Structures are given as C-alpha cells and as structure tokens.
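Notes follow once the structure below has been shown.
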Amino acid sequence: MRSGKTFLLLLTIVLLTAACSSPAKQSGEREMEVFIEELISKMTLEEKVGQMTLFAGHMDQTGAMVRADFEEDIQLGQVGAIFNVYGEKNIRKLQEMAVNNTRLRIPLLFGLDVIHGYRTIFPVPLAEAASWDPEMIEKSARVAAQEASAEGLNWTFAPMTDISRDPRWGRIVEGAGEDPFLASLIARARVRGFQGEDLRDATTIAACVKHFAAYGAPQAGREYHSVDMSERMLREVYLPPYKAAVDEGALTVMTAFNDLNGIPATASRFLLTDILRNEWGFKGFVVTDYTSILELIPHGVASGELDASEISVKAGVDMDMQAGYFQSALAHLVKLGAVDEMTIDEAVRRILRVKYQLGLFEDPFRYCSPEREQNDVMTPENLEAAREMARKSMVLLKNENDLLPLSKSIKTIAVIGPLADSQKDMLGSWAATGDWTKAVTLLEGLKAKYPETTIIYSMGCTIDGDSKALFAEAVSAAKRSDVVILALGEAAWMSGEAASRTDLGLPGVQQELAEEIHKTGKPAAVVLLNGRPLTISWLNDNIPAILEAWFPGTMGGHAVADVLAGDYNPSGKLPVTFPRNAGQIPIFYSARNTGRPFNPDSKYTSHYLDSPNDPLYVFGYGLSYTSFEYGEIKLSQDKFTGSENIEITINVSNMGKFDGEEVVQLYLHDPLASVARPVRELKAFRKLLIPSGQSREVTFNLSADDLAFYRLDMTFGPEKGEYRVFVGGNSLADKAVSFWFE
Ligand code: GLC
C-alpha cells in the first residue's frame with residue numbers, strides 16, 4: 001500500500017519539478033526527490049521522528065565536548081541535528097556515529113548561533129544595520145560562514161529579523177532596528193552571506209530566519225512577553241523581513257517564544273502553514289526555539305507532552321529544539337491515529353532536503369577539514385573586514401565645533417570610563433566562539449593610533465556599580481589632558497536575550513562620572529558602547545561630541561580610533577529611534593498622524609505634559625566630519641500609472657573639507673488613502689562617497705509596488721492619488737515634492 005502511495009507521490013513530484021525549473025536544476029531536483037523518497041520508504045517511524053529531533057551539546061572551556069547524553073540516541077538514528085558543538089574533531093566524532101553506526105547512515109546537521117561572526121566577531125547586528133551597507137553586511141555573514149564551516153558547522157541560527165521599536169527589549173541588539181524596508185534588505189544580505197551562491201560549497205551554511213514571528217514587540221518591552229498587534233501592523237511592519245529572508249532562499253525558519261494575539265507562534269498554523277507555506281511558498285523546514293514545544297504547557301494551550309507535540313506538528317513545526325517531546329511522543333501519536341504519518345513524512349522530507357542540498361549525503365565530512373580549521377579562522381583579512389564593518393557602523397551623534405577628529409599631534413588624551421579597556425564587553429552578546437581575550441579595546445586602539453601622544457587611563461567607575469572611589473583619579477587624569485575620551489555604556493550582558501531594562505539611562509554612576517569630568521571644563525567626546533538606544537539627553541546637552549560605537553567586535557578599539565582620528569569619516573545612520581525617555585516608548589519615525597496632531601498652541605492635541613513628542617535622535621540620523629547639502633528634487637513626471645516608473649533625482653554636495661559617505665534617504669507619504677498611513681515610510685536609499693567639494697546626482701526609481709499597502713479591505717496594492725516624496729540625510733528629510741499616481 002505504502003509503495004503505491006510513494007510511487008504516486010514520486011510521480012507528482014517529478015512532474016511538478018519539471019514544470020518549474022531549468023533542465024539542469026530540474027534533473028538535480030528530480031534526483032534529490034527520488035533519493036529522499038527512496039530513503040523515507042526505508043525509514044521506521046522512530047527513525048523518522050529522530051530526524052525531527054535537535055539536541056544541544058555542551059563544550060567546556062578548553063573547547064572539548066562534554067560527554068553528551070544524546071550519543072546513544074545518535075547511534076539509534078533518533079537524532080537529526082545537534083547544536084552548540086563545534087570543532088572539527090568533535091563534529092567528526094558525532095558524524096561518524098551517525099553515518100557509521102546507524103542503519104540508514106543519515107548525516108547530522110550541526111548548528112550554532114553564529115549571529116555576528118564566529119571567531120572573528122563583527123559589530124553586533126544593530127551596529128551593522130547602522131552602516132546601511134547591505135554589501136558589507138553580506139561580507140560579514142560570508143566571513144562568519146567561512147569560519148564556522150571551517151570548524152565543522154553547517155547551520156546557523158541567523159539572521160534574526162525581528163523588527164523592534166522598543167529599546168527596553170534586550171534583543172533589539174540582535175536585529176536590524178525599526179524599519180521593514182531597511183531590515184528586509186539586511187535580511188537578504190545576511191542569507192546571501194551565509195548560504196552563498198552554491199550550498200554545496202563547503203564554506204556555506206544553512207541560514208535560519210528567526211524568530212517567527214513578531215518576537216520584537218513584547219508587551220512592555222519585557223522579554224518573552226505576549227505580543228498583540230493588528231494583522232495590518234503584522235503584515236506591513238513585522239513580517240516583511242522574514243519574508244525577504246525566505247524569498248532569498250533561507251533553508252530554515254525558527255519559531256518565536258511569544259504568543260501572537262494569544263496563539264503561541266510554535267502552535268500557530270496561521271503563521272507556520274497559512275503564511276509561511278501557503279502564502280510565501282517556503283520549502284525548507286521549521287525548527288522551534290529552545291524547548292518552545294514544552295512551553296505550550298505554561299502558555300496554557302497544551303495539557304502535556306502529547307498535546308503539545310500534536311498541536312505543534314499539526315501547526316507546521318518540523319523539528320523540536322531541545323524539548324525531546326517529538327522524540328518521545330510523535331510515534332505514539334501516530335500509532336494512536338492522532339497524527340497522520342504523512343505529516344511526519346512531510347516534515348522529514350523537508351529536513352532531508354536541507355541535508356541533501358548541503359551535500360551531506362554525498363560527503364558527510366565535507367565540513368570536517370583540519371586544514372581549514374587551522375588556516376581559515378581569524379585571518380588578517382577577516383580581522384580587517386571586521387574592522388571595516390565596525391568603522392562603517394559607527395554613528396556620529398554630535399560634534400560641536402568640530403571637536404572631532406582629534407589631531408594626531410595632540411599632546412595628552414585622557415581615556416576615562418568603564419568601557420575604555422573592557423575586552424569582555426567589546427564583543428557584545430551572542431558572540432559565538434569569539435575569544436574576548438583577543439578583543440582590541442578603545443584604550444588599546446588609541447595607544448596604537450597615537451604613539452606620540454601621552455595617554456592617561458582611568459576607569460573612573462565600574463559599568464553598573466555605585467562606587468565613586470575612582471572619580472578623583474579620573475578627574476585628575478582629565479585635568480592633565482588636552483581632551484577627554486569618555487567610554488560609557490552597557491556591559492555586554494545588559495543586552496541580548498533575557499536582558500530587558502526599564503531604565504535606559506547609563507547604568508551605575510556613569511552619568512555622575514560624566515558630570516564630574518564635565519566640571520573640569522576639558523573638551524570631551526563620549527564614545528558609547530552599548531546594545532540599544534539609551535536615554536542620554538544630559539550627554540547630548542552638555543558634552544560636545546558623542547560617537548555611537550555600539551559593541552564593535554574583535555577589532556572595535558582600532559575601528560573607534562580610526563574614526564576618532566579622522567582616518568575614517570563616520571557614515572553610520574541610526575536604524576532605530578533614540579527616545580528622550582522610556583515613557584515615549586514605543587516611538588518610531590513611521591507613526592500615523594492622528595486626528596489631533598500636536599499643535600503647540602492647542603492643549604487638546606497629541607502631546608505629553610512632561611516631555612516633548614520628538615525623540616532625542618530620529619531614525620536615519622547620523623553626522624559626518626563634513627556636511628552635505630541637498631538640491632531640489634526633480635521628478636521625471638508629476639504623474640504616473642501602474643505600468644510606469646517615476647524617476648526621482650536630487651543633487652547632493654559635499655560642502656566640507658573631508659571626503660565622506662552620505663546615506664541619501666527617500667521617504668514616502670500617502671496623505672489621503674482608504675486607511676490612515678504613516679507620515680513617512682523609507683522606500684529607498686543610496687550610500688555613496690562624495691569627495692570634498694564635489695556633488696553627485698542621485699536617482700531613485702519608484703513603481704506602483706513601492707506605493708502598495710494593506711488597504712481598507714486588507715488587499716495589498718496601491719491607491720490612486722497624491723503622494724509626497726521626501727529626500728534627505730535622515731527621516732526628517734525636508735526636501736519634498738508631490739506626484740500623482742493614476
Ligand atoms: C535561544 C534563542 C534563539 C537561539 C536558540 C539556540 O533561546 O532564543 O535565538 O537560536 O535558543 O541557542
């Protein structure tokens with residue numbers, strides 16, 4: 001009976017494949033499908049369920065694998081993938097168990113959170129997003145994939161593409177900020193970087209889009225908390241970056257911990273099947289986040305292991321990370337008739353396809369190369385790439401009287417603050433196997449950059465302690481200097497997972513330290529090392545220069561020094577709004593106008609009694625050591641129809657003495673539509689170098705697709721009428737024209 005079904009299925013697959021790809025690709029896909037069906041037809045139910053099981057390994061400080069209790073499961077063919085194990089020897093050992101000691105010799109996947117680098121650590125993802133440089137971000141992911149695969153890994157749990165507009169949430173550090181257009185381009189770049197052009201290339205690894213979906217909008221910014229939002233907001237703002245990654249070919253998707261409108265993502269057929277499979281055509285497999293299936297019980301939607309397993313597999317989950325529920329319950333559910341074995345077969349098919357596409361059946365040890373492990377990690381090229389990415393990710397927030405860059409002939413620099421020489425914090429959260437002892441601190445970077453200058457260092461205080469015992473030493477250092485570099489911010493552990501904060505000010509007594517240094521009257525520049533927007537109004541009001549350096553990675557200290565010395569002209573732009581205070585959150589540039597937009601002359605309009613409406617720094621903001629002047633916007637025509645594009649051109653001039661890169665941003669507003677539309681939405685940008693004294697003409701093309709939104713009836717598309725275009729160097733862009741779409 002089963003072979004008859006299999007044959008029919010095979011025939012369908014062969015015909016379907018033939019219909020939608022090139023001859024070469026068709027035959028490759030046909031071969032894959034035949035191979036997989038053949039293999040599935042031999043598998044026992046227990047072996048099938050084994051493929052749907054992912055367990056975590058543990059490594060000790062020396063990089064040796066701690067004996068894992070899943071080794072027996074591997075030998076029984078009851079595990080499909082392992083994560084948190086790395087190193088060629090460790091992976092070879094487990095892979096040998098899987099392919100030499102099991103009945104069907106199915107190779108394992110080996111995953112890890114390679115989020116912003118593997119051993120060479122790049123700036124945290126939010127920092128990379130501030131570069132507005134998808135090409136450089138792709139390069140960063142490429143280097144990470146090369147290094148991870150050199151140590152045996154073939155799967156990363158990245159890119160994290162959760163939109164977030166709430167800096168109280170610690171994982172805002174891991175994403176690309178608040179805007180779906182920018183975040184979607186970055187999601188694509190990261191998938192391309194990880195998966196490369198050819199998945200059979202042993203330097204490429206499978207990507208994993210996470211956390212599906214809308215994990216970045218937890219109630220009150222509190223980690224793992226519930227998410228509630230309209231379907232319009234979900235589809236317009238939070239889903240696009242996941243879809244972009246899926247469209248770019250990401251092989252896997254990870255479910256989010258949170259419930260969305262009361263339905264946990266891991267139990268959501270709406271997300272995992274209706275949207276991901278039926279609307280988007282996702283062909284890879286869905287893995288849960290850590291023990292998410294088990295968490296359906298505290299979510300209150302499952303009564304126990306059997307219930308949780310049945311709900312999640314029917315919703316569209318293919319692989320169970322670390323709960324072990326699929327391994328122990330699914331076969332039983334099939335025997336009870338509660339779950340159809342065809343559902344299991346489809347999950348296994350998806351998982352085996354990924355293994356096949358990675359070439360693991362051809363050569364299960366293709367990722368195990370002692371030579372690559374020896375030669376391909378933390379190479380000078382990789383370190384230089386990390387330094388370049390860090391330079392490009394920094395955002396100059398303030399530079400009164402051009403205090404920066406600091407002249408190379410400066411006599412004495414005081415480097416003060418708890419982040420000035422903290423190797424542990426340079427890498428930020430999710431630093432994979434990055435070795436913090438190899439991180440270059442800001443102090444080290446400045447000493448290397450200013451060899452003739454006297455550099456006086458004082459920690460001043462700890463990051464979050466309340467002792468002011470070192471203030472006197474710090475003030476004395478400041479008084480003996482020509483300029484002070486104040487390195488302030490967060491500890492790496494203060495952002496990332498399970499790191500929500502309600503107070504976004506500088507932790508500990510750092511603010512008081514800054515005030516004491518300010519009292520000396522010495523010119524000072526603050527370098528912020530942090531993983532989220534901070535509420536730094538006092539710094540903004542009192543300190544002449546502020547450079548947002550985020551957690552800049554292994555080469556961070558050199559990169560900060562490159563910028564402070566003017567060897568690189570900062571070009572970063574904020575991918576997320578900086579609020580004045582936590583009370584304003586959620587605050588983001590693409591809000592709607594309301595029926596009572598703020599009017600200072602009228603009490604009964606949208607405002608606060610105790611705070612301005614506007615943020616401290618807006619989305620897309622960032623200064624340069626030079627200045628850019630924008631000409632008038634020119635349109636190819638002032639009206640266009642659905643079959644045309646409209647060309648938007650503007651001249652940008654570099655008015656200063658430094659060559660500099662500018663991110664020219666184009667925003668759109670639809671002032672009259674069937675639903676209230678955001679006052680601005682980013683629709684295009686161009687980052688380009690403009691030499692000092694020169695101008696460049698920048699041209700954008702908009703089509704009807706760029707005007708599309710979820711209309712009153714929730715259909716997606718444009719509406720006829722007037723549109724306003726804004727072009728400038730941040731989301732307050734004031735050069736504006738209108739055009740008509742007919
Ligand atoms: C964590 C994270 C997820 C990560 C997984 C494996 O809890 O939520 O992003 O990929 O577990 O480490």
Side-chain angles (χ1 to χ4, degrees), residues 53-59 65-66 68 70 79-86 108-118 124-126 141 144-145 148 153-164 169-176 187 190-191 194 205-218 222-227 241-242 245 250-260 264-266 271 284-296 298-299 312 317-325 428-434 492-493 495-500 531:
T53 298
L54 164 65
F55 281 137
H58 304 282
M59 308 285 287
M65 185 170 59
V66 173
F70 51 60
V79 175
I82 299 291
F83 71 110
N84 291 354
V85 168
Y86 45 85
L108 296 166
L109 286 172
F110 290 94
L112 184 77
D113 292 286
V114 183
I115 310 292
H116 54 105
Y118 176 70
V124 290
L126 190 62
L153 293 162
N154 46 46
W155 185 23
T156 177
F157 303 135
M160 184 272 220
T161 59
D162 303 322
I163 290 285
S164 181
W169 188 54
R171 298 192 81 163
I172 194 168
V173 69
E174 242 179 291
R190 289 200 168 119
V191 170
F194 290 133
I205 57 178
C208 182
V209 190
K210 70 184 186 181
H211 305 77
F212 195 61
Y215 178 30
R222 199 178 85 202
E223 181 62 289
Y224 311 127
H225 211 335
S226 296
V227 173
Y242 303 117
L251 289 177
T252 67
V253 168
M254 182 185 292
T255 66
F257 287 126
N258 55 282
D259 74 82
L260 174 60
T266 302
L271 286 176
F285 72 78
V286 172
V287 61
T288 69
D289 201 342
Y290 202 99
T291 67
S292 294
I293 295 179
L294 172 156
E295 292 168 23
L296 297 183
H299 267 298
S312 49
V317 171
D318 302 305
M319 187 181 278
D320 164 9
M321 180 193 283
Q322 195 60 9
Y325 274 25
S429 63
W430 293 110
T433 63
W493 58 266
S495 60
E497 186 171 355
S500 291

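This one's a predicted model, so the numbers in the text were calculated from it and none came from an experiment. Read the numbers this way: they start at 1 and go in the same order the structure lists the ligands and their atoms.
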Open item on the list: A side-chain contact here means heavy atoms from C-beta on lying under 4.5 Å apart; do Phe257 and Tyr215 qualify?
Closed with: yes

Open item on the list: Testing Ile293, Leu294, Thr291 one by one against Asp320 for a side-chain contact (heavy atoms from CB on, under 4.5 Å), which residue passes?
Closed with: Ile293

Open item on the list: Could you work out, with side-chain contact (heavy atoms from CB on, under 4.5 Å) as the rule, every residue matching Pro125, not counting sequence neighbours?
Closed with: Ile115, His116, Arg190

TODO: Enumerate the protein residues lying less than 4.0 Å from ligand 1, judged by heavy-atom distances, in chain and residue-number order.
DONE: Phe83, Asp113, Phe157, Arg171, Lys210, His211, Met254, Phe257, Asp289, Tyr290, Met321, Trp430, Glu497

TODO: Mind checking the CG-CD spacing from Asn258 to Glu223? Nearest 0.5 Å is all I need.
DONE: 9.5 Å

TODO: Identify, with sequence neighbours excluded, every residue that meets ring pair (Phe, Tyr, Trp, His ring centres under 6.0 Å) alongside Phe212.
DONE: Tyr242, Trp280

Task: Trp430: partners by ring pair (Phe, Tyr, Trp, His ring centres under 6.0 Å), with sequence neighbours left out - done: none

